[in-house]
Amino acid sequence: MHENIMQEKSTPQYNASLIEKNAQKHWASTHAFRAVEDSSKKKYYCLSMFPYPSGKLHMGHVRNYTIGDVLTRYHRMQGYNVLQPMGWDAFGLPAENAAMQNGVPPAKWTFDNIAYMKKQLQSLGFAIDWEREVTTCTPEYYKWNQWLFLRMLEKGIAYKKTQTVNWDPVDQTVLANEQVIDGRGWRTGAVVEKREIPGYYFAITQYADELLASLDTLPGWPERVKTMQANWIGKSFGVRLAFPYELDGKQEKLWVFTTRADTLMGVTYVAVAAEHPLATHAAKNNPELAAFIERCKQGSVMEADVATMEKEGMKTGLFVQHPLTGEQVEVWVGNYVQMAYGEGAVMGVPAHDERDFEFANKYGLPVKQVIKKARLLAPDDVRNPEAAEEDKFDPKVWKAWYKLESPLVDEPLVITTNSGKYSDLSTIAAVDAIVADLAAKGLGEKKVQYRLRDWGISRQRYWGCPIPLIHCPTCGTVHVPDDQLPVKLPEDCVPDGSGNPLKKRPDFLNVACPKCGGPAERETDTMDTFVDSSWYYARYCSADNANAMVDERAKYWMPVDQYIGGIEHAILHLLYARFWNKVMRDVGLSTGSDEPFANLLTQGMVLNHIFSRRTDKGGINYFAPDELDLTHDANGKLVGAISKADGQPVDYNGIGTMSKSKRNGVDPQSLIETYGADTARFFMMFAAPPEQTLEWADSGVEGAHRFLKRVWAFGVENAAAIKAAPALSGKLPEELAKLRREVHLNLKQASSDLARHQFNTVASAGMKLLNALERAPEGEGKAAVLAEGFSILLRILSPITPHIAHSLWTELGYGSDILSAPWPQVDEGALVQDELELVLQINGKLRGSIKVAASADKATIEALAVASEVAQKQLAGAAPKKVVVVPGRLVNIVC
RNA sequence: GCCGGGAUGGUGAAAUUGGUAAACACAGCGGACUUAAAAUCCGCCGCUCUAAACAAGCUUACGGGUUCAAGUCCCGUUCCCGGCACCA
């Protein structure tokens, strides 16, 4: 009944919802997006980071998935066999928080959210192969987390040690970093403590070198992401050295790591972490020190907190010997020393380390200069007294040059000083000399150190993948046998904030030991959700295989040709996924590719205003913008807000990423309902280039919608002419040739902008193209030019606004399905011009223009420019000093 | 604090990567159509000076520099965003 929607003026108006429903019905009935392996075709695997099912889509999702869809559809038109799958990163903390709030089990909440969000995704018309959908909280999926975890244990890639966590002493529970606000628990307001508990780790540091080196095999990754990953891995070449000491009659060594062994003669103290064994020992008979160590354990484990807190320390009363001089060096406990990095102890060289400098000046420790500028200006140098002053060492004022290094031996910038036999050496030479002597005494050697730490995966939480281990009083820790996998998570628990509910589930907890058959208990810790998202890209290729984690099909599709996701994942998720892919290879599950993602597009965050209010307990409540009345200052800047519910002010926290936890996400649903999916998609692409941060504002949506209405109206008005148009032939009249030139110019721009992923200008090329077509002059061949131009416009638009393109393409008789239409080719012949207009500059300032034949050479152009009226006026008879000709662009006359 | 990125009209942005700054839009203003409104169409729209200008000057966060020529390259500063290992 509604098949022919453009039937004889019955719906001349653009009816987005009808058009979109019909197009989606057509795609569903033809299984248009089912991906089938076909080794005869070049493949294109386009993957967008799967969403956490938080309840509703937000604009960040729309942006991410529209980018992926545009690329998928564009490549399909270029003849690729495309795969675009979708799934759900379905384990995680928000489901537990929701359970605490409304009593619904995380499983039900999660599956309900997935159902709703899937509908939203489908209404946006994405070309997704839903037959490959994966959901990480299903046993079919997480079975393989468990299976690979056991392989990693067997190979020594997974192991157990203690971890430091945030502990809420009131709720008696481990807190996520996100749940710590200014060092206090988010629900209780209690001061958070650091606590040591056992946990499982993945030895990602074993792969540090490979993860670093293979960044060079990824030319399709943004440079900034590779830089961030390289800095995160943080390979540094330094020296591990020991300060000997005697304890209870025994010879011991305090090990430290330093990248600046050349400053060893400048050591005036050593500092150890509060958790360091030496600190613990010293505190035994020193209640004041014990109290200080306790205080160091207050506050969160977050690096940002640790790095910004006031540096404090206390003497231990213990001394160690300087490894070269044997001098006594005092041992301090420093709250800024991290047990997890290096040896948990650092040597203090206040003269040449800014942090040590601050510490030493605070506690009155000596500052000994051991580096000086290689060529000093005399202090009374009259030619440059300021530079001479700058060269002088001042133990009270920090100067940047104190920490300079000299990698060059021949012409060093700085050299060692006051260092006995190690004086007057470049950094490299000094390190070598010092290491040689340390090595002879057995007190040090060169060492490669990584900033990267092993990946702790244990979570004391319910809504995650169970760790497949059993604790038996007789056999110890026993692996769950493969044939008993998966260890299923009960789906009816409701967490209440007081620890892991699995501990209160005898049906989960109690189990017979697989080894001895005696009574035993299951491990109740679950895995970090980053584990789930570390291999889903491979699972999509083999989603229906119940017998293997991945199979042969992965070798066809992998690596992912284009991965798209938020820049916030630049380090952790991407590093873990790269690591896991290599681990799969090393346990014999190769996907045929050492790196999972060949090309990466990091989408900029979609931001919105954030509003909150402190609770009386010191916690924090966030408000959604639509719950507030906003107040602006005279310039229209947002300054504050009032709650609609209680009329009281709330705090404005600036802008930040749209997120569930901050409640500042904007739901695209009303946009889709009012204007349609095509408008939402078009506007999202038009708003900004994909890598750029985008502050959300929906002004402009109307414009996008207006454009699509014009596209539709143009199709309706010109339907008859286009259908009846003959093929292009013969020479066009000048005005029509100009129009055709514009059409192909815009096509050229759209093609190159698509290739470089700048979708906003693809959209504007479409707008320019329509503007040109609407102003088409009359003349012989007009219908043919319009028919060609509109077919090009529809194909340019189809990746961005596939529904309207689909509908017009079929209705106007261009073909049976625009999905199988090829991407249009630029007709270079249409772009040719006989005459060019060049900009005329005098001394770099725009002063006019000249017209030259397209074939004119530089000398001709130069002569024409100099002869021009404007140039003659400026030159006033003199000869120009210089003339610069930029072919096809401008002439600059310097006089 | 450390690592990475960003800043262009009233607003979102563009500039073929060193060559006409502000394309394409949004908002605004004026006009046409209409009894009226909406929708639609046409025109104007960086700032200063000016009655106005196809006259002149200024302008890409701020301060310097390189170049015939700088939004683009170099040095320094400010502010904003992302990440910092248990948010995902």
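Every value quoted in this text rests on a predicted model; they were computed, and no experiment measured them. Below, chains carry the letters A, B, ... as their sequence lines are ordered, and counting in each starts from 1.
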task = Select from A:R756 and A:A90 the residue whose nearest nucleotide in RNA chain B is closer to the 5' end of that strand.
result = A:R756

key: Results of side chain to side chain contact (heavy atoms under 4.5 Å, CB included) for A:N113 - residues two or more places apart only   = A:P53, A:W109

ask   = B:C26 phosphate, OP1 or OP2: any side-chain N/O from A:R706 under 4.0 angstrom?
value = yes

query = When you check the phosphate oxygens OP1 and OP2 of B:C87, does a side-chain N or O of A:S659 lie under 4.0 Å from one of them?
reply = no

inquiry  = Determine whether the aromatic ring centres of residues A:W535 and A:Y141 are separated by less than 6.0 angstrom.
reply    = yes

request  = Under 4.0 Å between any heavy atoms, over every strand shown, what does A:H569 touch: base, sugar-phosphate, or nothing? Just pick one.
outcome  = base

ask   = What nucleic acid atoms does A:K709 come within less than 4.0 Å of, heavy atoms only: base, sugar-phosphate, or nothing?
value = sugar-phosphate

inquiry  = Over all strands shown, is A:V165 touching base, sugar-phosphate only, or nothing at heavy-atom distances under 4.0 angstrom?
reply    = base

query = How would you list, by chain and number, every residue that makes a ring pair (Phe, Tyr, Trp, His ring centres under 6.0 Å) with A:F357, sequence neighbours excluded?
reply = A:W398

query = How would you list all residue pairs meeting salt bridge (charged side-chain N to carboxylate O under 4.0 Å, His left out) that involve residues 524-533 of chain A, not counting sequence neighbours?
reply = A:R459-A:D528

request  = Report the C-alpha separation of A:V701 and A:Y675 in whole Å, then their side-chain angles, then the decisive distance to 0.1 Å, and conclude whether the side-chain contact (heavy atoms from CB on, under 4.5 Å) test is met.
outcome  = CA-CA 8 Å; A:V701 173; A:Y675 300 103; 3.6 Å; yes

key: Check: A:L793 and A:L770 side chains under 4.5 Å, non-hydrogen atoms   = yes

ask   = Is the ring centre of A:Y159 less than 6.0 Å from the ring centre of A:F202?
value = no

Closest-nucleotide 5' rank along RNA chain B - winner of A:Q749 and A:R453 = A:Q749

inquiry  = The criterion is salt bridge (Lys or Arg N to Asp or Glu O under 4.0 Å); which residues satisfy it with A:K399, sequence neighbours excluded?
reply    = none

ask   = Base, sugar-phosphate alone, or nothing: which one does A:Q758 contact when heavy atoms must sit under 4.0 Å apart?
value = sugar-phosphate

task = Could you work out which one of B:U17, B:C87, B:C42 sits closest to the side chain of A:P94?
result = B:C87

query = Distance check: side-chain N/O of A:R710 vs OP1/OP2 of B:C24, anything under 4.0 Å?
reply = no

task = Just call it for A:P689: base, sugar-phosphate, or nothing, with non-hydrogen atoms closer than 4.0 Å on any strand.
result = sugar-phosphate

ask   = How would nucleotides 57-81 of chain B be written as a contact map, 5' to 3', with B for base contact, S for sugar-phosphate-only contact and - for no contact, using protein heavy atoms under 4.0 Å?
value = SS---------B------------S

query = Any cation-pi pair here, A:K161 with A:Y201, using under 6.0 Å and within 45°?
reply = yes

query = What residues form a salt bridge (Lys or Arg N to Asp or Glu O under 4.0 Å) with A:K403, not counting sequence neighbours?
reply = A:E354

inquiry  = Strictly below 4.0 Å: does A:N760 bring a side-chain N or O up to OP1 or OP2 of B:A14?
reply    = yes

request  = Remember a base hit wins even if backbone is also touched, and classify A:F707 as base, sugar-phosphate or nothing at under 4.0 Å, heavy atoms.
outcome  = nothing

query = Near RNA chain B, under 4.0 Å by heavy atom, which residues of residues 696-705 of chain A?
reply = A:S699, A:G700, A:G703

query = If you look at every strand shown and take non-hydrogen atoms under 4.0 Å, does A:R451 touch a base, only sugar-phosphate, or nothing?
reply = base

note = Taking B:C87, B:A14, B:G12 as options, the one with an atom nearest any side-chain atom of A:L93 is B:C87

query = Given that both pair distances must be under 3.5 Å and the pair must be Watson-Crick or G-U, what runs of three or more consecutive pairs involve RNA chain B?
reply = B:1-7 with B:78-84, B:10-12 with B:24-26, B:28-32 with B:40-44, B:46-48 with B:56-58, B:61-65 with B:73-77

query = How would you list, by chain and number, every residue that makes a side chain to side chain contact (heavy atoms under 4.5 Å, CB included) with A:Q229, sequence neighbours excluded?
reply = A:L215, A:W221, A:V225, A:L574, A:L575, A:R578

remark   = Smallest heavy-atom separation, A:G464 atom then A:T526 atom, equals O-CG2, 3.5 Å

key: A:T164: partners by side chain to side chain contact (heavy atoms under 4.5 Å, CB included), with sequence neighbours left out   = A:K194, A:E196, A:V301

message = When the P atoms of B:G9 and B:U59 are compared, how many Å lie between them, rounded to an integer?
response = 14 Å

Dump every N/O contact between nucleotides 1-6 of chain B and the protein below 3.5 Å, one line per pair.
from: B:G1; atom 1: N2; to: A:E303; atom 2: OE2; distance (Å): 3.3
from: B:C3; atom 1: O3'; to: A:N231; atom 2: ND2; distance (Å): 2.8
from: B:C3; atom 1: O2'; to: A:N231; atom 2: ND2; distance (Å): 3.0

query = Are OP1 or OP2 of B:C84 and a side-chain N or O of A:N177 less than 4.0 angstrom apart?
reply = no

ask   = Less than 6.0 Å separating the ring centroids of A:H705 and A:Y14?
value = yes

task = Looking at every strand, decide which applies to A:Q163 at a 4.0 Å heavy-atom threshold: base, sugar-phosphate, or nothing.
result = base

key: side-chain hydrogen bond (donor to acceptor under 3.5 Å, both in side chains) contacts in which one or both residues fall within residues 680-695 of chain A, not counting sequence neighbours   = A:D69-A:R681, A:T602-A:E691

Interatomic distance at P, B:A25 relative to B:C45, whole Å = 15 Å

ask   = B:A22 and B:C47: how far apart are their P atoms, nearest whole angstrom?
value = 14 Å

